[in-house]
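Before any comments, here is the structure.
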Protein chains: 2
Amino acid sequence: MHTPDQRFYAGEFRHFIDEKNRITIPARWRRGDAEEFIILPEAAHQFLLVMSPEEFSRMSASAESDPNVSARDRRIFFRQLHSRAQHSVADKQGRLVLPEDLCKKVGLKGEVVLVGGRGRFEIWNLQRRKRAHEEETPTYQHVANVIGL
Amino acid sequence: MHTPDQRFYAGEFRHFIDEKNRITIPARWRRGDAEEFIILPEAAHQFLLVMSPEEFSRMSASAESDPNVSARDRRIFFRQLHSRAQHSVADKQGRLVLPEDLCKKVGLKGEVVLVGGRGRFEIWNLQRRKRAHEEETPTYQHVANVIGL
DNA sequence: CCATTTTTCCCCACTTTTAACCACCTTCCA
DNA sequence: TGGAAGGTGGTTAAAAGTGGGGAAAAATGG
C-alpha cells in the first residue's frame, strides 16, 4: 500500500512567492536535496498542481487505460497535458522556481497557500482558495457523516 | 483480529496545552518514542481527532469503497481531508505539538480533555465536552439497556 | 563567431520558528 | 518513606523560511 516513491502530502501552509518566483516547499514535505517535480496548471486554471515525475507517470497511465475515453480524445488530451506540464528541480534550500506563465495563469503572487493532497500538492491564490474551500465544505461534511468520521 | 498497529485508546484524561501548543499524551496510551500521529479537526469542528497514520489509511480506504458516496463527492472529500489533516511526531516526553490553526478551530487552550475512542482519540474543549457528554448520555443509557449492558 | 545583455541558479546571510534537551514538581506505589 | 514514573515548564541549539549578491549559463544581436 506504500511504494517507496509514494509521497503523502498533508496539511496546509502559507508561504511567499518571492521576486524570483521561488517558493519554499514545506520542510515536512521534502524528502532530499534537488528533488524533482512536475508542475502543471489545474484544468480550469484554479491552482497549480505539483507532483513527482513518478506520480505524473501514474496519473498519465491511468488516463491511458480509462475505458470512458475515446482514442481520439486521449491523443488530444496527452498533447495538451505534456505541453502544459513543466519540469522543475528544488534548490538546496528546498525552493522551487515556478514558471512565470503558470503563475500568471492561476493568479499566484506574493502570499499563497500550499495544500496537501495525497501524492501531490496544490498551490493556490489566497482568496480563491478560501472561496473554493468554503464551497466544498458542505460536501466534505456530508461524506464525513456518511462514512462515520 | 488484532493487527500490530491496531491501537485501543480507553478512558478520559484532563491535561494542559502549554504556551507552545504542546500536550502530553497519557502515558498509558503511549507505545514508544517518537510516535507518529495524524491530527485533524472533526467535521463539525467540535474536537480534534488524533490517530496513527495506519488508522488514517484505514479510514481513507473505507471512504474509498463506500457505495453510498458518489465519485464526485469522494474526490472533493479527499481533497479536503488531506488539506485538513496534519502530521505530527511526539517528543521524548510523549508530547504532541498541536498546530495553532487547528486548536483555534475547535477552541482548545489551557485545560482540555483527552477522550479515548477505539483506534483514535479526541481532544476536547472542557465545557464543550461536558455539554456533549450530557447530551449523549440518554442515548448511551438507552442502547446499554437494549443490549443488556 | 564573438560580444553584450539577460536570465538562471548557486550560495551566503539573516530572522523566526521549531524541536531537542534538561529540570522540576507531584503522584503513585512498593 | 523513598524511588520511579507521569506531567509540566523553560532554555538553548537547530532548522525552516526568506532575501539578496554574484558567478555561470543562456539568449540576443551584430
Might you list the N or O atoms of the protein lying below 3.5 Å from N or O atoms in nucleotides 11-15 of chain D, with each pair's distance?
from   : atom 1 : to      : atom 2 : distance (Å)
D/dT11 : O4     : B/Lys20 : NZ     : 2.2

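By the 6.0 Å and 45° rule, B/Arg84 stacks over the aromatic ring of A/Tyr140. Both cation-pi conditions hold for A/Arg118 and B/Phe78: the charged atom is under 6.0 angstrom from the six-membered ring centre and inside a 45 degree cone around its axis.
Atom NE2 of A/His82 has more than 12 heavy atoms from other residues, nucleotides or ligands within 6.0 Å.
A salt bridge does not link A/Glu134 with A/Arg131: every distance from a Lys NZ or Arg NE/NH1/NH2 to an Asp or Glu carboxylate oxygen is 4.0 Å or more. Remark: B/Arg79 engages A/Glu136 in a salt bridge, criterion side-chain N to carboxylate O under 4.0 Å. Ion pair A/Arg129/A/Glu122 not flagged as a salt bridge, since none of the NZ, NE, NH1 or NH2 atoms sits closer than 4.0 Å to an Asp/Glu carboxylate oxygen.
OP1 or OP2 of C/dC11 sits under 4.0 Å from a side-chain N or O of A/Lys92. The shortest distance between the side-chain N/O atoms of B/Arg30 and the OP1/OP2 oxygens of D/dG7 is below 4.0 Å. Look at B/Arg28 and you won't find any side-chain N or O under 4.0 angstrom from OP1 or OP2 of D/dG7. The shortest distance between the side-chain N/O atoms of B/Thr24 and the OP1/OP2 oxygens of D/dT8 is below 4.0 Å.
With rounding to whole Å, B/Asp18 atom CG is found 13 Å from C/dT18 atom P. The CD1 atom of B/Ile23 sits 8 Å away from the P atom of D/dT8 (whole-angstrom rounding). As a whole-Å value, the separation of B/Asn21 CG from C/dA19 C1' is 14 Å. Taking atom CZ of A/Phe13 as the reference point, atom C1' of D/dT18 lies 17 Å away to the nearest angstrom. Atom CZ of A/Phe16 is separated from atom P of D/dG17 by 13 Å (rounded to the nearest Å). Across the protein-nucleic acid pair, B/Leu96 atom CG and D/dG7 atom P stand 14 Å apart, rounded to whole Å. The NE2 atom of B/His87 sits 16 Å away from the C1' atom of C/dT18 (whole-angstrom rounding). Going from atom CZ of B/Arg95 over to atom P of D/dT8 covers 9 Å, rounded to whole Å.
Atom CD of A/Glu12 and atom NE2 of A/His133 lie 6.0 Å apart (nearest 0.5 Å). Rounded to the nearest 0.5 Å, atoms CD1 (A/Ile17) and CZ (A/Arg95) are 13.0 Å apart.
With 3.5 Å as the limit, one finds no donor-acceptor pair spanning the side chains of B/His15 and B/Glu111.
Nucleic acid contact for B/Asp91: none, since no nucleic acid atom lies under 4.0 Å from a heavy atom of the residue. Residue A/Ile25 is classed as a sugar-phosphate contact, given heavy-atom separations below 4.0 Å to backbone atoms only.
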TODO: Run the numbers on A/Arg14 and A/Leu126 for side-chain contact (heavy atoms from CB on, under 4.5 Å), then give the verdict.
DONE: CA-CA 9 Å; A/Arg14 290 170 78 144; A/Leu126 219 58; 3.3 Å; yes

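Nearest-nucleotide mapping onto DNA chain D: of B/His15 and A/His15, the residue sitting toward the 5' end is B/His15.
Every stem involving DNA chain D, taken as at least 3 paired positions in a row under the Watson-Crick or G-U wobble test at 3.5 Å, is listed here: C:1-30 with D:1-30.
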